[in-house]
Amino acid sequence: MTSFNLDEFVGKLTDASRSANPAQQVRKLMDAAFADPQAIKSGTPDFEEDDVILFEDEKISIWHCRFQPDLHVPPHDHQTPAIIGLYEGTERNSFYEVESDQLVLKGSKDSKPGDVLTIGPEGIHSVEAVGDVPCVGIHVYLSSLTTIERSLFDWSSGAALPFTDENYDKMKKVDSIQ
Ligand SMILES: [Fe+2]
């Protein structure tokens, strides 16, 4: 098993965000690291919070994200490239386009530990964990995600709303416990 140090990895990603080709360089680092998802798990703290911002400035945002199995993250965009690597569980990303003000499901992908996914700035996706365990990964955005003006999209009508905590809480779906 290779060794993985989260602080060092965050430093390398941050350096890559200053390069001439940040999306490519970040993707390269993510592919190399996620080739050994077990090493990432061993080298990453068991964070109490589901969403942890590891680093953010105007060039890059690096999040540690855990999605609980009962949560369906509503469709949203990022307005910046997103590179998402998974090291535990199965994460289903569903992709949409807005056509005639309707949200149309275009496909979905189940990421397994070791998978890395790049989503373009205009991409719209919803996210859920598959099965009854959380999925856990590192999400990288090539801008300051908390300050970008981006959108959430109504599950059925496709209407766009500003991405705020309040709208997110209103639009997220949480399965009732059986
Ligand atoms: Fe997202």
Side-chain angles (χ1 to χ4, degrees), residues 6 10 13-14 17 22-23 26 30 44-111 116-178:
L6 185 60
V10 166
L13 291 168
T14 305
S17 73
V26 165
M30 291 285 277
T44 300
D46 196 7
F47 292 113
E48 204 175 305
E49 296 287 322
D50 284 343
D51 293 327
V52 178
I53 301 177
L54 302 171
F55 183 82
E56 178 173 305
D57 69 6
E58 73 281 4
K59 297 266 189 214
I60 192 166
S61 305
I62 306 167
W63 290 53
H64 183 270
C65 295
R66 178 172 54 218
F67 297 110
Q68 298 296 336
D70 58 349
L71 172 70
H72 301 256
V73 176
H76 61 274
D77 63 12
H78 307 109
Q79 296 297 321
T80 188
I83 300 103
I84 296 169
L86 196 79
Y87 68 84
E88 198 170 27
T90 303
E91 179 182 303
R92 178 167 300 157
N93 279 271
S94 298
F95 299 99
Y96 306 84
E97 283 177 20
V98 178
E99 292 174 359
S100 312
D101 292 334
Q102 293 284 312
L103 199 63
V104 180
L105 178 65
K106 291 292 179 175
S108 67
K109 182 184 187 296
D110 287 356
S111 289
V116 179
L117 179 71
T118 295
I119 301 175
E122 309 299 325
I124 300 170
H125 76 151
S126 63
V127 191
E128 64 197 278
V130 178
D132 50 15
V133 291
C135 59
V136 195
I138 296 173
H139 295 214
V140 181
Y141 310 92
L142 293 177
S143 186
S144 142
L145 193 70
T146 58
T147 62
I148 290 177
E149 286 187 21
R150 55 198 189 106
S151 298
L152 287 156
F153 298 86
D154 185 89
W155 286 98
S156 49
S157 74
L161 289 167
F163 196 123
T164 61
D165 286 347
E166 196 190 358
N167 285 337
Y168 177 86
D169 284 340
K170 245 189 285 178
M171 293 164 80
K172 74 181 181 190
K173 291 187 196 169
V174 181
D175 294 335
S176 54
I177 306 294
Q178 304 288 312

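The structure presented is a predicted model; accordingly, all values stated were derived computationally and were not measured. The residues of the chain are indexed from 1 along the displayed sequence.
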After noting the C-alpha distance and the side-chain angles of T146 and E56, does the key distance pass the side-chain hydrogen bond (donor to acceptor under 3.5 Å, both in side chains) rule? CA-CA 8 Å; T146 58; E56 178 173 305; 2.4 Å; yes

For a side chain to side chain contact (heavy atoms under 4.5 Å, CB included) check, start with the C-alpha distance between C65 and D51, then their side-chain angles and the critical distance, and finish with the verdict. CA-CA 5 Å; C65 295; D51 293 327; 4.0 Å; yes

Drop me the distance from S111's OG to N93's CG, to the nearest 0.5 angstrom. 5.5 Å

Okay, side chain of T147, backbone of S144: is any donor-acceptor separation there less than 3.5 Å? yes

Check the surroundings of atom CG in D132: do more than 12 heavy atoms from other residues, nucleotides or ligands lie under 6.0 Å from it? no

Quick one: are W63 and V140 in side-chain contact, heavy atoms under 4.5 Å? no

Within a strict 4.5 Å, meaning less than it, do heavy atoms of the P45 and L6 side chains meet? yes

Smallest heavy-atom separation, G158 atom then F153 atom, equals O-CD2, 3.6 Å

Full working for side chain to side chain contact (heavy atoms under 4.5 Å, CB included) between I138 and I62: CA-CA 7 Å; I138 296 173; I62 306 167; 4.0 Å; yes

Is the shortest side-chain N to carboxylate O distance from K106 to E99 below 4.0 Å? yes

Identify, with sequence neighbours excluded, every residue that meets side chain to side chain donor-acceptor pair (under 3.5 Å) alongside T164. N167

Could you measure the distance from the CG atom of L117 to the CG atom of D110? Nearest 0.5 Å is fine. 11.0 Å

Go through the structure and list residues passing ring pair (Phe, Tyr, Trp, His ring centres under 6.0 Å) with F67, not counting sequence neighbours. H139

With the side chain counted from C-beta on, respond yes when V174 and H72 share a heavy-atom pair under 4.5 Å apart, and no when they do not. no

Once the angle between the rings of Y141 and H78 is folded into 0 to 90°, is it parallel (under 30°), tilted (30 to 60°) or perpendicular (over 60°)? tilted

Closest non-hydrogen contact found for L103 with P75 is CD2-CG, 3.7 Å

Would you mind reporting whether V98 and V104 have side-chain heavy atoms less than 4.5 Å apart? no

Does the S143 side chain pair with the main chain of L145, one donor and one acceptor, at a distance under 3.5 Å? no

Would you say the side-chain atoms of H76 pair up with the backbone N or O of P74, donor to acceptor, closer than 3.5 Å? yes

So, T80 side chain and L142 main chain: donor-acceptor pair closer than 3.5 Å or not? yes

Taking only residues two or more places apart in sequence or in another chain, which ones pass side-chain contact (heavy atoms from CB on, under 4.5 Å) with D57? R18, F55, K59, I60

4.5 Å side-chain heavy-atom contact, H125 and I119: yes

Audit row: S157, D101, side chain to side chain contact (heavy atoms under 4.5 Å, CB included) steps and yes/no: CA-CA 7 Å; S157 74; D101 292 334; over 6 Å; no

Does some side-chain heavy atom of D46 sit less than 4.5 Å from a side-chain heavy atom of R66? yes

Taking the six-membered ring for Trp, are F163 and Y168 parallel (under 30°), tilted (30 to 60°) or perpendicular (over 60°)? parallel

Which pair of heavy atoms, one from A129 and one from P69, lies closest together, and at what distance? CB-CA, 3.9 Å

If I compare all heavy atoms of R92 with all of V130, which pair ends up nearest, and what's the gap? CB-CG2, 3.6 Å

Compare all side-chain heavy atoms of K173 with those of L71 and state whether any distance is below 4.5 angstrom. no

Is there side-chain contact between M171 and L161, with heavy atoms separated by less than 4.5 Å? yes

Going by atom types only, do D154 and S156 share a side-chain donor-acceptor pair under 3.5 Å? yes

Return the CE to CG distance between M30 and L86, rounded to the nearest 0.5 Å. 10.0 Å

Identify the two heavy atoms, one from V10 and one from T14, that lie closest to each other, and give their separation to 0.1 Å. O-OG1, 2.7 Å

Closest non-hydrogen contact found for H64 with Y87 is NE2-OH, 2.6 Å

Would you kindly say whether D77 and Q79 are connected by a side-chain donor-acceptor distance under 3.5 Å? yes

Gap between atom CD of E97 and atom CG of L105 - 0.5 Å precision: 10.5 Å

With rounding to the nearest 0.5 Å, note down the distance linking OG in S126 to NZ in K172. 15.5 Å

From CA spacing to verdict: side chain to side chain contact (heavy atoms under 4.5 Å, CB included), I83, V116: CA-CA 7 Å; I83 300 103; V116 179; 3.7 Å; yes

